[in-house]
Amino acid sequence: MTRKIIIDTDPGQDDAVAILLAMASPELEVLALVVVAGNVPLQYTRINARKVLELAGRPDIAVYVGCDRPMRRKLVTAEHVHGKTGLDGPDLPAPTMAERSQHGVDYLIDTLRAEPAGSITLCPLGPLTNIAMALIKAPDIAARIGEIVLMGGAYFEVGNITPSAEFNIYVDPDAADVVLNSGVKITMIPLDVTHRALATDARLAAIAAIDNQASRAVSAMLNFSERFDRVKYGWDGAPVHDPNVIAYLLRPELYTGRQINVAVELASELTLGMTVVDYWQITQRPRNVFYVRDMDAQGFYDLLIERLARLP
Ligand code: BDR
Ligand code: CA
């Protein structure tokens, strides 16, 4: 049986790799992409999502446009990592497929109400604005979401956009707070695990060696987005975050974690957007998140390479 997913995304080179991995995986039925502002403003993410679908030969997948800014705060972007367009690196043609006219938040609500309760997994790869707005506008959908598997947060690895906060949560901490307190089943893929999924030279070479349209684009994307993190961390390769959400759905046995409490800091200027993870279960707070802590990195790259080879 295929698993129905909706990918909520701010592409982003690593978002693009996640979308390609999903497109290459028959175990997943991707109902739609919903775009959000994050890595770059919405005017770019809405184009990038369609570029990636056309790269995968899947212009039939619907793209809905969601929120252009966080719920209560000014948008923070990451051009220093992703480039001006968010998808710098490959030279992809302007998309010809159209966007859907319905707002992304309304699409989420209508779809969750129309499909059988529990049948849809939401896969947020960017700030959680669209998901939180949908939960606020239509609280009844909380009981209808099968699971949310998201990339975001950090604890042991601390922050990447501030010393204490991970980018996706930092951009819209109020949205993260809504999602974390929604009662929905949540799996979180934080920096603690994605910092183990390093795209080393050997892994990048294996991707390039596939030599199809998708792999050539992924090579160009990762070679671009790598440069910042390689210098920052001094590691042999840069982390590739978002495809771990899709890989987790396909091969959960590659990942380990714990059911624990995660809360987000909303008040402090210094630690705004920090995910406070009760990893050692010091408090009695509800265990609202399956927090992924470790992974089989080579298993992840083997899967990614095998799947990219199936694309045009
Ligand atoms: C997350 O932030 C973005 O830069 C990436 O696309 C990823 O979703 C990592 O912190
Ligand atoms: Ca992202």
Side-chain angles (χ1 to χ4, degrees), residues 6-22 33-42 44-46 48-49 51-52 66-67 70 75-89 104 122-131 148-173 175-176 179 187-199 218 221-222 224-230 232-233 235 237-248 262 264 272-275 277 292 295 300:
I6 298 173
I7 301 178
D8 191 281
T9 176
D10 62 337
Q13 291 90 353
D14 63 321
D15 300 71
V17 179
I19 294 164
L20 291 171
L21 178 57
L33 306 188
V34 182
V35 293
V36 68
N39 285 324
V40 288
L42 193 69
Y44 292 109
T45 60
R46 66 198 296 172
N48 294 345
K51 280 186 176 175
V52 175
C67 298
L75 178 65
V76 174
T77 52
E79 285 87 355
H80 58 291
V81 181
H82 302 277
K84 180 166 188 283
T85 69
L87 212 53
D88 282 20
L122 300 181
C123 300
L125 309 178
L128 289 158
T129 318
N130 292 333
I131 314 292
I148 297 176
V149 181
L150 67 91
M151 191 280 136
Y155 196 62
F156 296 96
E157 288 288 296
V158 292
N160 62 355
I161 186 72
T162 74
S164 45
E166 182 278 332
F167 180 79
N168 289 341
I169 305 295
Y170 178 77
V171 172
D172 200 342
V179 171
T187 293
M188 197 175 224
I189 313 268
L191 298 183
D192 300 332
V193 68
T194 65
H195 278 188
R196 298 171 193 239
L198 300 183
V218 168
M221 285 181 210
L222 294 184
F224 183 91
S225 58
E226 281 252 314
R227 80 213 184 292
F228 177 79
D229 277 347
R230 280 207 184 211
K232 178 180 174 187
Y233 296 115
W235 296 335
V240 179
H241 308 282
D242 293 340
N244 284 286
V245 166
I246 306 299
Y248 175 82
V262 179
V264 59
L272 179 69
M274 179 178 185
T275 43
V277 178
V292 180
M295 68 181 292
F300 163 73

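Each ligand, and each atom within it, is numbered from 1 in the order the structure gives. Nothing fancy with the numbering, it's 1 onward along the sequence.
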Self-check item: Value rounded to 0.5 Å, distance of OG1 in Thr129 from CG in Leu42
Solution: 10.5 Å
Quiz item: Per the side chain to side chain contact (heavy atoms under 4.5 Å, CB included) rule, which among Leu191, Ile169, Ile246, Asn244 passes with Met151?
Solution: Leu191
Quiz item: Taking the six-membered ring for Trp, are His241 and His195 parallel (under 30°), tilted (30 to 60°) or perpendicular (over 60°)?
Solution: tilted
Practice problem: Would you please determine whether His82 falls within less than 4.0 Å of ligand 1 on a heavy-atom basis? | Solution: yes
Practice problem: Answer with yes or no whether the side chains of Asn48 and Thr45 bring together a donor and an acceptor at under 3.5 Å. | Solution: no
Quiz item: Hey, is the Ca ion (ligand 2) within less than 3.0 Å of some N/O/S atom on Ala18?
Solution: no
Quiz item: Below 4.5 Å, heavy atoms only, C-beta onward: do Leu128 and Asn168 meet side chain to side chain?
Solution: no
Quiz prompt | Numbered atoms of ligand 1 (with element) below 4.0 Å of Asp14, judged on heavy atoms | solution = 5 (C), 6 (O), 7 (C), 8 (O)
Quiz item: In Asp10, which N, O or S atom comes closest to the Ca ion (ligand 2)?
Solution: OD1
Quiz prompt | Atom pair CD (Glu79) and OH (Tyr44), whose distance is rounded to the nearest 0.5 Å | solution = 8.0 Å
Self-check item: atom 1 (C) of ligand 1: the protein heavy-atom neighbour that sits closest, reported with distance to 0.1 Å
Solution: Glu166 OE2, 3.4 Å
Self-check item: Shortest protein contact, atom 3 (C) of ligand 1 (heavy atom only)
Solution: Asn39 OD1, 3.0 Å
Self-check item: Asn160 near ligand 1 by a heavy-atom separation under 4.0 Å
Solution: yes
Quiz item: Given atoms O of Leu125 and OD1 of Asp15, what angle do they subtend at the Ca ion (ligand 2), to the nearest 10 degrees?
Solution: 140°
Quiz prompt | Side chain, backbone, both or neither: the part of Asp15 lying under 4.0 Å from ligand 1 by heavy atom | solution = side chain
Quiz item: Closer than 3.0 Å to the Ca ion (ligand 2), do we get an N, O or S atom from Asp14, backbone or side chain?
Solution: no
Self-check item: Rounded distance (nearest 0.5 Å) linking atom NE2 of His82 with atom CG of Leu87
Solution: 10.0 Å
Quiz prompt | Option with minimal heavy-atom separation from atom 2 (O) of ligand 1, where the choices are Asn168, Asn244, Asp229 | solution = Asn168
Self-check item: Any Tyr233 side-chain heavy atom under 4.5 Å of Asn160 side chain
Solution: yes
Quiz item: Considering distance alone, does some N or O of Leu191 sit under 3.5 Å from an N or O of ligand 1?
Solution: no
Self-check item: For Asn39, the option from Thr85, Asp10, Thr9 that meets side chain to side chain contact (heavy atoms under 4.5 Å, CB included)
Solution: Asp10
Quiz item: Starting from atom 8 (O) of ligand 1, which protein heavy atom do you reach first, and at what distance in Å?
Solution: Asp242 OD1, 2.7 Å
Practice problem: Find, among atoms of Asp242 that are N, O or S, the one nearest to the Ca ion (ligand 2), and state its name. | Solution: OD2
